[in-house]
Amino acid sequence: MSAIFDALRRWPDVEAPDLVAVDAADRLILDESAERRASALPGDIVVINDSYGALTLGAAHAGASGIRTHIDAITGERALEANASRVDLSGHFRSVPLDAELVNGARIVLLRLPRTVDALRDIAGLIAAHADPSVVVFAGGRLKHMSVSMNAVLRENFGQLDISHARQKSRVLIARAPRDGRDPTPAAAHVDGLEVRAFGGAFAGARLDIGTRLLLENLPDAPVGGTPDDPLIDLACGTGIIGAWMATRYPGAHVHSCDQSSVAVASAHATMLANGIEDRVTVVRDDMLGARPSASASFIALNPPFHSAAAVTDLIAPRMFGDVARVLRPGGQLWCVWNSGLRYRPLLERAIGPTEQVARNAKFTVTVSTRR
Ligand SMILES: C[S@@+](CC[C@H](N)C(=O)[O-])C[C@H]1O[C@@H](n2cnc3c(N)ncnc32)[C@H](O)[C@@H]1O
């Protein structure tokens, strides 16, 4: 097993010596599930929220086939594909959206616990609704990312919950006897005149983050762009709250909202539908602005991420600013909000061009950077 693990990389996600593609929680989930997997038939095994393919490829390497796998982040899904071809296991799995087809009839689920309890509630409900009654769920994570409320959420949907011994600061929750399943439905809220929808795990849930609020309060009255060929871009859109705000505040404007997370994209779709603006807003799952041509955009709004899988890292925003620089046309603008402690201004100046402070409060700074 360690030979395939040694070959796994996080690419195209950020890579650094302290960011790993396989960790102790992945190894513990595989070890705890090994006996059950030994008698699995093709199609029995489902993997949810694998980070970069360790669980899917670990199971495939041990002989599993017909694995259905779902990774929320498109970078994780692409890393899995790249890793699979590196270790010659591409034919053993297929990527499936987080819906009934993913878990239908599953008898073994390997789950990397998501960061939030709300995301776990959606996943647990879906498994309980559609998996085989004999399903066993091996849900593991690092102790620092686990809480007892995760046990409680699993108990809502499973009659039996066993907890593994901790090993290398990781633990596995083993759930059996599914009950009371339900398909995920988004949380709904009315926020400052907008309808917001959020599936479990979307940034800020069905609320307006205080940094996002500062950005919205300071966006220009009449931005350049907003045509079908040059839409206003809502990069890293989460629930789509910035895109929905722009499409309603700038009547007739076309907006392109994108995020790498499938939960975010599903939430943003639901948000646009709830506001009746789906005809002017495209929502796309994408790594940064991968689907946008170079030198094509006049206006991008961004509240940048700081997580890569479970790790908090300062490597993501610079990577994103680089792609913004590629996609902005000369004179195009990035409107960005950031935690003032992160001191992004020199980075923005270097990657994009002259950067002015537009607003600042106790915690956040809003800047506009003009592409040189
Ligand atoms: C701070 S949240 C902002 C969400 C939303 N714009 C708001 O203000 O409420 C950052 C978002 O970046 C997304 N993200 C992280 N890495 C990304 C990438 N490589 N490409 C696109 N989106 C990414 C996350 O999924 C998350 O939804």
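For ligands, and for the atoms within them, numbers begin at 1 and follow the listed sequence.
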S.K.: Which atoms of ligand 1 have any heavy atom of Met320 under 4.0 Å away?
M.R.: 17 (C), 18 (C), 20 (N), 21 (C), 22 (N), 23 (C)
S.K.: With under 30° as parallel and over 60° as perpendicular, where do the rings of Tyr344 and Trp338 fit, or are they tilted in between?
M.R.: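 Taking Trp338 first and then Tyr344, their aromatic rings sit tilted (interplane angle of 30° to 60°).
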S.K.: Under 4.0 Å from a heavy atom of Thr212: which atoms of ligand 1 are those, numbered in the order shown and with their elements?
M.R.: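 Counting atoms of ligand 1 from 1, those under 4.0 Å from Thr212 are 7 (C), 8 (O), 9 (O).
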S.K.: Could you check Ile241, Thr239, Val337 and say which one makes a side chain to side chain contact (heavy atoms under 4.5 Å, CB included) with Thr212?
M.R.: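 Per the side chain to side chain contact (heavy atoms under 4.5 Å, CB included) rule, the option paired with Thr212 is Ile241, out of Ile241, Thr239, Val337.
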S.K.: Determine whether Val281 and Ile300 fall in the same hydrophobic cluster, where Ile, Leu, Val, Met, Phe, Trp and Tyr are linked whenever their side-chain heavy atoms lie under 4.5 Å apart.
M.R.: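 Not linked; separate clusters.
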S.K.: Enumerate the atoms of ligand 1 whose separation from the nearest heavy atom of Pro304 is less than 4.0 angstrom.
M.R.: 1 (C)
S.K.: Please classify the Cys237 to ligand 1 contact at 4.0 Å (heavy-atom distances, strictly less than): side chain, backbone, both or neither.
M.R.: backbone
S.K.: Nearest heavy-atom pair of Thr56 and Leu80: which atoms, and what distance?
M.R.: CB-CD1, 4.0 Å
S.K.: Any chance you could measure Arg115, atom CZ, to Asp72, atom CG, to the nearest 0.5 Å?
M.R.: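 Between Arg115 CZ and Asp72 CG, I get 9.0 Å after rounding to 0.5 Å.
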S.K.: Would you say ligand 1 has an N or O under 3.5 Å from any N or O of Phe203?
M.R.: no
S.K.: Are more than 12 heavy atoms from other residues, nucleotides or ligands located less than 6.0 Å from atom NE2 of His165?
M.R.: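 No, because the 6.0 Å sphere around NE2 of His165 holds 12 heavy atoms or fewer from other groups.
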S.K.: Is any side-chain heavy atom of Arg371 less than 4.5 Å from a side-chain heavy atom of Arg326?
M.R.: no
S.K.: Below 4.0 angstrom from a heavy atom of Arg319, which ligand 1 atoms are there? Numbered from 1 as shown, please.
M.R.: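 Within the 4.0 Å cut-off of Arg319, ligand 1 contributes 19 (N).
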S.K.: Going by the order shown, which atoms of ligand 1 are within less than 4.0 Å of some heavy atom of Ile242?
M.R.: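 Counting atoms of ligand 1 from 1, those under 4.0 Å from Ile242 are 6 (N), 8 (O).
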S.K.: Please confirm whether Gln260 comes within less than 3.5 Å of ligand 1 when only nitrogen or oxygen atoms on both sides are compared.
M.R.: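 Indeed, backbone or side chain, Gln260 has an N or O that close.
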S.K.: Side chain to side chain contact (heavy atoms under 4.5 Å, CB included) with Ser164: which of Ile29, Leu28, Leu173?
M.R.: Leu28
S.K.: Mind checking whether Thr239 has an N or O less than 3.5 Å away from an N or O of ligand 1?
M.R.: no
S.K.: Could you tell me which atoms of ligand 1, counted from 1 in the order shown, lie closer than 4.0 angstrom to a heavy atom of Asp286?
M.R.: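 Here the atoms of ligand 1 in question are 20 (N), 21 (C).
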S.K.: Show the atoms of ligand 1 that are less than 4.0 angstrom away from any heavy atom in Ser261.
M.R.: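 Counting atoms of ligand 1 from 1, those under 4.0 Å from Ser261 are 25 (O).
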S.K.: Pick whichever of Asp259, Asn339, Thr75 has a heavy atom sitting closest to atom 26 (C) of ligand 1.
M.R.: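 It is Asp259 that holds the nearest heavy atom.
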S.K.: Between Ala236 and ligand 1, which part of the residue brings a heavy atom under 4.0 Å of the ligand: side chain, backbone, both or neither?
M.R.: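 Both backbone and side chain.
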S.K.: Is a salt bridge present between Asp230 and Arg292, judged by a nitrogen-to-oxygen distance below 4.0 Å?
M.R.: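 Salt bridge: no.
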S.K.: Number the atoms of ligand 1 from 1 as they appear, then name those within less than 4.0 Å of a heavy atom of Ile241, with their elements.
M.R.: 9 (O)
